[in-house]
Amino acid sequence: ADLVKYNICLGKDYPKRIVTDLETCRQGSIQDVTDARRNYGQGFIDELNGRDTMEIPPSLLGDYIPTQNKKLMIPLITRNEFIYKTVNPDASDNPYDSVLKYDKNLVGAELPMMHKTTMPDNLCC
């Protein structure tokens, strides 16, 4: 619908594929992200599970944090292939794939953990 809306005709306006080797581009993207995480992510990657984190200013939390000098880092959703490659930078394999594939045997999502979680069972999702 958007192609028609903007008067774009595939094969005419874009006669050649922009990405010719999708798997190589995916691997390059994963490498770029993990390089950035390893080189510039100090203090922003959760040591427990490898997730990216973000600082929440205490002033936004009001009475929920007793001291305004405390720093609160919350975990963010982080793609599993980024976590794996950051922890295993020299690995040639990566068991996590961003391409969704149907698997009838899949029971639940598996998340990589750098260390066994210490979260109480009643708080786990």
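The basis for the numbers below is simple: all heavy atoms, side chains too, and nothing from hydrogens, waters or symmetry mates. What you are looking at is a predicted structure, and each value in this text was computed from that prediction instead of being measured.
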Can you tell me if CG on Asn7 sees more than 12 non-hydrogen neighbours from other groups inside 6.0 Å?
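No - once you tally the heavy atoms of other residues, nucleotides and ligands closer than 6.0 Å, there are 12 at most.
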I need the full list of salt bridge (Lys or Arg N to Asp or Glu O under 4.0 Å) pairs touching residues 28-38, with sequence neighbours left out, sorted by first then second residue.
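For residues 28-38, and leaving out neighbouring residues, the salt bridge (Lys or Arg N to Asp or Glu O under 4.0 Å) pairs sorted by first residue read Arg37-Asp52.
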Heavy atoms only: give me the nearest [X]-[Y] pair and the separation to one decimal.
X: Asn39; Y: Gln42; value: O-OE1, 3.3 Å
X: Lys85; Y: Ala91; value: NZ-O, 2.7 Å
X: Thr53; Y: Ile45; value: OG1-N, 3.8 Å
X: Gly43; Y: Met73; value: O-CE, 3.3 Å

If you link I, L, V, M, F, W and Y whenever their side-chain heavy atoms are under 4.5 Å apart, who else ends up in the same group as Val33?
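Val33 shares its hydrophobic cluster with Ile30, Phe82.
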Which Ile, Leu, Val, Met, Phe, Trp or Tyr residues join Tyr40 in one cluster when any pair of side-chain heavy atoms under 4.5 Å counts as a link?
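In the cluster with Tyr40 there is nothing else; it is isolated.
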Any residue meeting side-chain contact (heavy atoms from CB on, under 4.5 Å) with [X], in chain and number order, not counting sequence neighbours:
X: Val4; result: none
X: Glu23; result: Asp21, Arg26, Gln27
X: Ile18; result: Tyr14

So how far is it from [X] [atom1] to [Y] [atom2], rounded to the nearest 0.5 Å?
X: Leu76; Y: Asp46; atom1: CG; atom2: CG; result: 10.0 Å
X: Glu55; Y: Leu72; atom1: CD; atom2: CG; result: 8.5 Å
X: Arg79; Y: Ser29; atom1: CZ; atom2: OG; result: 6.0 Å
X: Ile56; Y: Ile74; atom1: CD1; atom2: CD1; result: 4.0 Å
X: Asn88; Y: Asp90; atom1: CG; atom2: CG; result: 9.0 Å

Answer with yes or no whether the hydrophobic clustering places Phe44 together with Leu48; edges join I, L, V, M, F, W, Y residues whose side-chain heavy atoms lie under 4.5 Å apart.
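Unlinked, Phe44 and Leu48 end up in two clusters.
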One pair to check against side chain to side chain contact (heavy atoms under 4.5 Å, CB included): Tyr84 and Thr34. What are the steps and the verdict?
CA-CA 9 Å; Tyr84 181 84; Thr34 55; over 6 Å; no
